[in-house]
J.: 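The following block contains the structure, expressed as structure tokens.
Not measured: the values here are computed from a predicted model. Numbering of ligands and ligand atoms starts at 1, following listing order. These values consider heavy atoms only, across backbone and side chains, with no hydrogens, waters or symmetry-generated copies.
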Amino acid sequence: MNAAVVEEYGTPRYRAFEEPVAGEGQLVVEVEAAGLNPVDQAKAAGRFYSGRAPLPFVAGGEGAGIVAGGRRVYFDAPVAPFGSMADRSLVNAADAIDVPDGVEPALAVAVGIAGLAAWLPLAWRAQLQPGETVLVLGATGVVGCIAVQAAKLLGAARVVAAGRNEQALARAAALGADATVRLDASEGDDLTAAFREAAGGGVDVVIDPLWGEPAVAALGALGDGGRLIQIGQSAGATATFPSAIVRGKLAEIRGHTNFLAPHDVKVAAYRTLAEHAAAGRITVEIEAAPLSEVATVWERQQAGGHGKKLVLVP
Ligand SMILES: NC(=O)c1ccc[n+]([C@@H]2O[C@H](COP(=O)([O-])OP(=O)(O)OC[C@H]3O[C@@H](n4cnc5c(N)ncnc54)[C@H](OP(=O)(O)O)[C@@H]3O)[C@@H](O)[C@H]2O)c1
């Protein structure tokens, strides 16, 4: 079969790779769509925090496809060295999630890792309550676009979308954000004030895929009992802030990774997301490309896709 193979840490190469063979309790998936996520690039570059995977391996942490019997499934934990960016992949049967009818493979992938990274921080980690205000940092990215829609569906009274790109922020507004804030228009206390003004007061929940300076400004904008859910570091690996920012209002910083969400929580969230997507309540801009073009698509993701979910089709 053909696959996007990481032979040395960096960009994968499209070439032949061994066929997966299902052991006990495993399934071979005929891949119909594979999602490209920042985590795939971190893993392929050998700089993911969980450590370096042995070479060679097939890139791709999530996919949608068909297993024996015609079942259509989504998976996000392929068995190494197999990955989702291949004609076929290998998964543990327990990790295969049924895809609801009416959800095409590319959409099934688009609401996967990115969808869960938007939904679980709000619904599970923050325990968002109806009527609360939500600030979405990085609202111009794929996770951010979904988080804006998810916050509304979960009952947020006011959703503020923050990002650097004007055009992509306009899309966040069209997707339901009540206000937008340009991250590159101000900094420090001024950015904090802009967040508070847009939120109409203290923010209850922040979804933070950025860390760095934007996260510090967002911490400053939290109201009493506010929660910042930390999911990524697109703006910086470190952040420096005075302790009073969190202490003085009983604020909390909670980490989130999809990898550590309990299986039942993840499956329930995925099915909810997929149903919202099938009904058009959650939309994701998708750009699909043939798997053979993986190297080009890899560069596009690195350059910033402004909210377009890049999907590879074997
Ligand atoms: N914890 C988890 O389980 C989990 C799961 C999925 C994703 N994530 C993380 O979430 C983040 C977003 O993922 P994604 O799929 O949405 O990626 P994406 O579509 O590439 O979006 C990246 C976002 O980060 C913004 N950004 C990049 N560099 C920035 C900087 N220096 N300053 C301010 N903003 C910056 C981009 O803004 P522009 O549009 O202006 O470029 C965009 O909004 C990534 O860090 C990813 O690793 C975590």
J.: Using side-chain heavy atoms (C-beta onward) and a distance below 4.5 Å, is Arg254 in contact with Gln230?
T.: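 Heavy-atom side-chain distance check fails, nothing below 4.5 Å.
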J.: Output the set of protein residues with a heavy-atom contact under 4.0 Å to ligand 1, ordered first by chain identifier and then by residue number.
T.: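 Shell around ligand 1 (4.0 Å, heavy atoms): Pro38, Ile113, Ala117, Gly138, Thr140, Gly141, Val142, Val143, Arg164, Pro209, Leu210, Ile231, Gly232, Gln233, Ser234, Ala235, His256, Thr257, Asn258, Gln301, His306.
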J.: Does this structure show an ion pair linking Glu285 with Lys309, if we count only N-O contacts that are shorter than 4.0 Å?
T.: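 Looking at Glu285 and Lys309, the cut-off is not met.
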J.: Exactly one of Ile66, Val99, Val313 should register a side chain to side chain contact (heavy atoms under 4.5 Å, CB included) with Glu32. Which one does?
T.: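 Running side chain to side chain contact (heavy atoms under 4.5 Å, CB included) over Ile66, Val99, Val313 with Glu32 returns exactly one hit, Ile66.
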J.: How would you list, by chain and number, every residue that makes a salt bridge (Lys or Arg N to Asp or Glu O under 4.0 Å) with Glu275, sequence neighbours excluded?
T.: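 Glu275: no salt bridge (Lys or Arg N to Asp or Glu O under 4.0 Å) contacts found.
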J.: Look at the rings of Phe57 and Tyr9 and say which category their plane angle falls in: under 30° parallel, 30 to 60° tilted, over 60° perpendicular.
T.: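 Taking Tyr9 first and then Phe57, their aromatic rings sit tilted (interplane angle of 30° to 60°).
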J.: Which is it for Lys43 and Asn37 under the side chain to side chain donor-acceptor pair (under 3.5 Å) test, yes or no, and what are the steps along the way?
T.: CA-CA 10 Å; Lys43 283 183 174 174; Asn37 291 285; over 6 Å; no
